[in-house]
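Below you'll find the structure, written out as structure tokens, and then a few comments.
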Amino acid sequence: MAEIDHIAIQEKWQKRWNDAKLFKAVLDKSKPKFYCLEMFPYPSGSGLHMGHAFNYTIGDVYSRFKRMNGFNVLYPMGYDSFGLPAENAAIKAKSHPRKFTEEAIQNFIKQQKALGLSYDWDRMLMTHSEEYYKWNQSIFIKLFENDMVYKKKASVNWCQKCDTVLANEQVHDGCCWRHPEDEIQIRQLEQWFIKTTKYAEELLTDLEKIDWPKRIKIMQENWISKSFGTEIEFEIEENTNFVLLHGYNGSVKKDFFPYLKTELEKRGKKVSAKDLPNTSDPNVAEQVEFVLKNNHFDENTVLVGHSLGTIISLKVLEKIQKPIKKLVLAGGFLTPDFKDNKKRDFTDKFDFKFDFEKIKRNVNEIVILSDKNDYVIPLEQGHKLKEKINGDLIETTAKIPHFKAEHEPDVLNACLKKWKIFTTRPDTIYGVTFMVISAQHQKLMSLVTKEQKNEVEEFLKKIKSTSEKDTEELEKEGAFTGSYATNPLTGDKVPIYAGNFVVADYGSGMVMAVPAHDQRDYEFAKKYSIPIKVVINPNDNKIDKNNLLKAYIEDGYVINSREFSGLNNELAKDKVTEYLESKNLGKKTVQYKLRDWLISRQRYWGTPIPMIYCGKCGIVAAKIDDLPIKLPEDIIFGEGNPILSSKHFLKTRCPKCNSDARRETDTMDTFFDSSWYYLRYTDAKNQNEMFDREQVDYWLPVDQYIGGAEHACMHLVYARFFTKALRDLGYLSFDEPFLKLFNQGMLHGYDGFVMSKSRGNVVLPETISEKYGIDTARFFLLSIASPDKDIEWSDKGIEGSYRFIKSVFSYFESVKIGVSQKRTVSKLNRTIKEMTIDIEEFKYNLAIIKLRMLFESLKSEESKDSLEKFLMLLHPICPHITEELWESIGNKTFLTTTPWPKCDESKIDDREEFMEQIEMTVKSDINTVLSLAKITEPKKITIIISQEWKYSFLSRLKEKIDETRDFRELMMHVLLDETLKKHAQNIQKIIPNVLKDPKKIPPVMLDQHSEKKTLEQIKDVLKNEFKTEIEIVVAEESTHAKAQASMPSKPAIVIE
RNA sequence: GCGGGUGUGCCGGAGCGGUCAAACGGGCUAGGUUGAGGGCCUAGUAGCUUAGUGCUUGCGCGGGUUCGAGUCCUGUCACCCGCACCA
């Protein structure tokens, strides 16, 4: 047989496909569309190896299959080309990441094209191109404008190797996902976040809508992790003194001041409330001076201003030297235009310019109260204030507006320190004996008293030095903060500890600790000798309340809990919550583990975040018209963020007021780029828009997404979030981007490890392609196992596949085109039917097995139709050689564009195929006997068959059932039948079931009425084969000696 | 600890509750073909048995459901993956 010139065949067909633009996807509403997408690769410098080939082959087979099935297929490829490796390589080589990236991409494209992948290359995109990242910036601004982006100081994850912060999703096991050996550090930094949490609920519930592998769904579910519970407000005891400032024309003897003063004093607070001078004709300077002179301001001071008092208090804060504890603004305003648009006569007397930066510096905490019903000061003023001084805004609805009501619990609450905690066990609230705040909490220090400062700081130092990684074995540790909280139901004061086992950004970062009923709290309480109070009793009463050995976390009934005592604890959860709600002390709530997405990165090779810092206007988004904000080229790689080294990038003008301003220098997490690339493919060349709506509406959502499972909680969450956010911004009209997801396995090298350049166990497609042809490699990779499993490369294995490919070739060289036998046609149609399902379900390995079996049964003469259908079936897997063979049997068209064969059920003939099976068995048996007896020229062959041969008794029973459905008559038949007789007892039990549902009996070979008849039919074949006389005899039960012990299951053969 | 998955020959892997478990591939052994090797072809590859068309065992282990279980249920063990102090 002539050698196959694989390279020539591959190049020939790749060129022809390309010239004919067979894979170009065009919007065509007359056809059903199919969007098949692979996760686009990061173009690493080391190029493609067999592992990549495996991944892409999975999608290519699917796309080709779908195309042949009449779908208008979109199958694109692009490159996730921003990212750290290129930047690091550039630093090493003192070059530019662009150079590395673009070379790598060119290399990728060349290699991918050589694999014969049927991509529509016209849609190729690269995320590092300005044309692409311009839209990243545009989306970012849209999100910002819609309150989906914010900047905040937080405890963030820092990877030293990456030299940047990371999102929560990108930290695995306390380490960076790219550097599993490198522990991340916690740093307090101000960073950009995207409000993914806004969609937490939808991200969770919509998992139902999509057909994804179960484990991926579960991983996302765990990641979002919803839990139901109760939010309860605990008041924090503080050593505070209050200064109250009243409003215009007011007095501290009026309105809510007397109430507030009494309530505060009731709680042991010092309250200084002195009437401001000249309140009907105020003078700011005079009043400020008065306040400063008559009151003492220190770190324990809470300044409360009402109405006009808010202005005075802001002015006071501009003047003082040391920061105070807290500022409460009850009905504050910033500009003199009021709700009814009437200027008050006093407003001219005020200077409405504030030094907000200084104010912020001089106070640790700001609370702004705004009254929705206020006719004096509208809500917008509250919001404006909030924006300027970055305080917490509380919207209230008082019975009488403008905080004049006698009783103003909201103002009192704002003055006091309250902490809402989240618990899933409100039923144990009577067992709270202490509180624990996270050691990483931003506001921890505000709870620490002077006396405890040293101890807490010691503790913080200690836990910083312990490893993040093995938190599980970490002993629960903490330090007393010096502060106390009041249990809202019992009124008990309990100590607040800082603890290492509380997560800062889940719930409120503080927990109520019930040592009797929570293991962690229990361990902590034991260590620090904190009392343990049992409030849940097991139903069997088996609990030693004085000597708990561990926390009792099971269900039971409530004790020691006043009116709730005696309730089942599940019921108590509801009752306690209801009670708290009625007292305005808490409410039912849900919590998610999902955090907002931290997207700032302090690195160069990414999309610049399009924000601008203006001294006057604050943080401002760049103008859409100014996009793209290009990455500067005049940069020096070295210490820190390279963008800072650019001379002109930093300086800009404020888009609002045109004064000098500074650009944001952080770039975006590259997961931002990959969160919407599947949309861009639909219209990848569009210069004016992110994409054309009609294109996206036609192609999306992605019908089949293919990629690795490592992105379960990263890319796949972000992309789902993006889809929902863009939908709500009006860009999309669907909820989920990827309807179906397939996780491919990984290819391992000879050494059993995942194939990778760095491990040095790669097999290159080029090498294999030259020797065996890329089709052989595809065939082999897909035949090993189901493509969702990890597989191992084997040189021997590909030899086996090559044998098949070669024999297909040589078969086509010698086959006579004529007529196909009935049984071949039957087998062909069966294969079509089964393979169609197998490929549809990604069971490529099974499809290949069936194809091999079909090939085995092909005869030296077959019809052109049969041969063509065989090629069609093989085509998605081995596209090049099948095209070649397709041409060789006289076709001028492309096999690629030929419709997938349809199964003709009527041609499937179980009996015909079964006969073949018998024929083969009998032939093989005869051959065995011949060789054992060393007979070369048999004179006569006698085949002795038993009654039972090839019968299951059920099949026989089915025959009888077809004759009669009467139980008694049936049993008569059974007893008269040699075969069934033995099973009579069983049959007696089965019959009722079978009569109910005859399907219980498998349909297989039911029509094998008589083995004799069957064998008679193949007698001629055997005669021909062995060139001798054939006799078929049915054995008498009694004469068949061996059969008496047990019935033979195969025919006996006697040769003379 | 929690959640998910997987356990079938020498290996990768098939096996709708019912044909004859181990298809198909790889490996290995023997024979044939060939100057040798390779390639190709044929047969064998759980145990017992002189041999068989015979017998026994057999789908991680133990129970159960069923006339019938590799397949369904349950418990258990082992391995793999994911999450991990989330109150």
Side-chain angles (χ1 to χ4, degrees), chain A residues 1 172-174 213-219 221-223 225-227 229 421-425 428 436 471-474 476 499-503 505-514 518-521 523-524 591-595 709-710 712-713 780 783-786 789-792 794 796-801 803-804 806-807 810 843 845-846 848-853 856 914 917 921 924-925 927-929 931-932 944 946 949-955 983 985-994 1000-1006 1008 1040 1042-1043 1045-1046 1048-1053:
Chain A
M1 186 191 68
H172 297 163
D173 271 339
K214 199 173 163 187
R215 67 188 189 113
I216 302 289
K217 285 196 188 184
I218 286 169
M219 279 163 79
E221 238 172 73
N222 291 342
W223 188 256
S225 186
K226 181 182 188 178
S227 51
I421 59 97
F422 174 74
T423 181
T424 54
R425 296 295 304 271
T428 62
V436 189
T471 45
E472 77 191 276
E473 293 109 38
L474 210 61
K476 292 172 185 41
N500 63 347
F501 65 97
V502 177
V503 178
D505 49 2
Y506 182 76
S508 62
M510 197 194 287
V511 296
M512 64 177 217
V514 186
D518 182 282
Q519 192 53 31
R520 295 153 299 181
D521 300 347
E523 285 166 30
F524 195 87
Q591 273 292 330
Y592 301 91
K593 236 159 78 180
L594 183 78
R595 311 291 148 83
E710 68 273 18
C713 293
F780 169 60
S783 68
I784 302 172
S786 172
K789 293 200 176 145
D790 286 358
I791 57 171
E792 204 164 296
S794 140
K796 295 271 189 185
I798 194 163
E799 289 280 354
S801 296
R803 275 198 284 277
F804 176 77
K806 276 196 295 189
S807 53
S810 59
K843 293 175 184 163
N845 56 329
L846 302 188
I848 286 177
I849 287 164
K850 281 157 195 165
L851 201 61
R852 273 181 182 271
M853 297 206 286
E856 277 308 305
F914 185 63
Q917 222 178 315
T921 314
S924 132
D925 284 347
N927 274 323
T928 306
V929 176
S931 78
L932 277 169
I944 305 168
S946 78
W949 184 54
K950 285 293 168 194
Y951 264 78
S952 79
F953 74 93
L954 278 170
S955 307
H983 301 280
Q985 254 194 339
N986 260 358
I987 288 171
Q988 210 169 346
K989 293 185 206 158
I990 295 174
I991 289 174
N993 288 333
V994 173
K1000 279 224 152 195
I1001 295 178
V1004 192
M1005 308 319 148
L1006 289 180
Q1008 300 312 303
H1040 205 290
K1042 302 275 182 186
S1046 72
S1049 62
K1050 284 185 178 179
I1053 308 226

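Values reported hereafter were calculated over all heavy atoms of this structure, with side chains retained and with hydrogens, waters and symmetry mates removed. Order of the sequence lines sets the chain letters (A, B, ...), proteins ahead of strands, with each chain counted from 1.
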Next item on the list: Please state the C1' separation for the pair B:U8 and B:G13 - nearest whole angstrom.
Entry: 10 Å
Item checked: Rounded C1' spacing from B:G60 to B:G52 in Å -> 34 Å
Margin query: Give me the distance, rounded to whole Å, that separates B:U71 from B:U65 when you measure between the P atoms they each carry.
Written below: 15 Å
Distances under 3.5 Å between nitrogen or oxygen atoms of protein and nucleotides 21-27 of chain B:
| unit_1 | atom_1 | unit_2 | atom_2 | d |
| --- | --- | --- | --- | --- |
| B:G26 | OP1 | A:Arg803 | NE | 3.4 |
| B:G26 | OP1 | A:Arg803 | NH2 | 2.6 |

Margin query: Within this structure, what is the NZ-CG distance for the pair A:Lys789 and A:Asn845, rounded to the nearest 0.5 Å?
Written below: 8.0 Å
Checklist line | Note, A:Met512 side chain near A:Thr428 side chain (heavy atom, < 4.5 Å) | finding: yes
Check: Quantified in whole Å, what is the P atom distance between nucleotide B:C28 and nucleotide B:A14?
Finding: 23 Å
Check: Roughly, in whole Å, what's the span from CD in A:Glu221 to C1' in B:A84?
Finding: 16 Å
Check: Rounding to a whole Å, what distance do you find between A:Asp790:CG and B:C81:P?
Finding: 10 Å
Margin query: Heavy-atom nearest nucleotide on RNA chain B for A:Asn500 versus A:Arg215: which residue maps closer to 5'?
Written below: A:Arg215
Item checked: Residue A:Phe501, side-chain atoms from C-beta onward, closest of B:C83, B:C85, B:G82 -> B:C85
Next item on the list: Pick the P atom in B:A21 and in B:U45, then give their distance to the nearest Å.
Entry: 15 Å
Check: Expressed as a whole number of Å, how far does the P atom of B:G3 sit from that of B:A22?
Finding: 38 Å
Check: Looking at CD1 of A:Ile784 and OG of A:Ser801, how far apart are the two atoms once the value is rounded to the nearest 0.5 Å?
Finding: 7.5 Å
Note to self: Check this for me: does the side-chain of A:Arg595 come within 3.5 Å of the base of B:C86 through a donor and an acceptor?
What the structure shows: yes
Notebook entry, point to check: What distance separates A:Ser508 OG from A:Gln591 CD, expressed to the nearest 0.5 Å?
Noted result: 8.0 Å
Next item on the list: Look at A:Lys214 and B:G5 and indicate whether a side-chain polar atom (N or O) is within less than 4.0 Å of OP1 or OP2.
Entry: yes
Item checked: Side-chain heavy atoms of A:Tyr506 within contact of A:Ser227, under 4.5 Å -> yes
Next item on the list: Rounded to whole angstrom, note down the P distance from B:U6 over to B:G17.
Entry: 15 Å
Next item on the list: For A:Met219 and B:C2, give me the distance from atom CE to atom C1', rounded to whole Å.
Entry: 15 Å
Checklist line | Residue A:Thr423, side-chain heavy atoms: nucleotide from B:G4, B:A87, B:C83 that is nearest | finding: B:A87
Note to self: In whole Å, I'd like the distance from the CD atom of A:Gln591 to the P atom of B:A87.
What the structure shows: 9 Å
Next item on the list: Find the distance between NZ (A:Lys796) and CZ (A:Phe780) and round it off to the nearest 0.5 Å.
Entry: 12.5 Å
Notebook entry, point to check: To the nearest 0.5 Å, how far apart are NZ in A:Lys843 and NZ in A:Lys850?
Noted result: 8.0 Å
Check: Residues in side chain to side chain donor-acceptor pair (under 3.5 Å) with A:Asp518, at least two apart?
Finding: A:Arg520
Check: In terms of base orientation, is B:G9 syn or anti, with the syn window spanning 90° either side of 0?
Finding: syn
Notebook entry, point to check: In chain order, what residues pass the side-chain contact (heavy atoms from CB on, under 4.5 Å) check against A:Val436, with sequence neighbours excluded?
Noted result: A:Phe434, A:Phe501, A:Val502, A:Val511, A:Ala513
Notebook entry, point to check: A:Lys789 has an atom NZ; how far is it from atom P of B:G5, in whole Å?
Noted result: 14 Å
Item checked: Duplex segments of RNA chain B, taken as runs of at least three Watson-Crick or G-U pairs that stay under 3.5 Å -> B:1-7 with B:77-83, B:10-12 with B:24-26, B:27-33 with B:39-45, B:46-48 with B:54-56, B:60-64 with B:72-76
Notebook entry, point to check: Pick the nucleotide of RNA chain B nearest each of A:Met510 and A:Ala785; which residue has the one closer to the 5' end?
Noted result: A:Ala785
Item checked: Pairing residues for A:Glu221 by the side chain to side chain donor-acceptor pair (under 3.5 Å) criterion, not counting sequence neighbours -> none
Next item on the list: Please measure how far the C1' atom in B:G75 lies from the corresponding atom in B:C10, and state the result in whole Å.
Entry: 32 Å
Next item on the list: Could you work out which one of B:A87, B:A14, B:C85 sits closest to the side chain of A:Lys476?
Entry: B:C85
Notebook entry, point to check: Who pairs with A:Lys226 by side chain to side chain donor-acceptor pair (under 3.5 Å), at least two apart in sequence or on another chain?
Noted result: A:Glu201
Check: Does a nitrogen or oxygen in the side chain of A:Tyr506 sit under 4.0 Å from OP1 or OP2 of B:A87?
Finding: yes
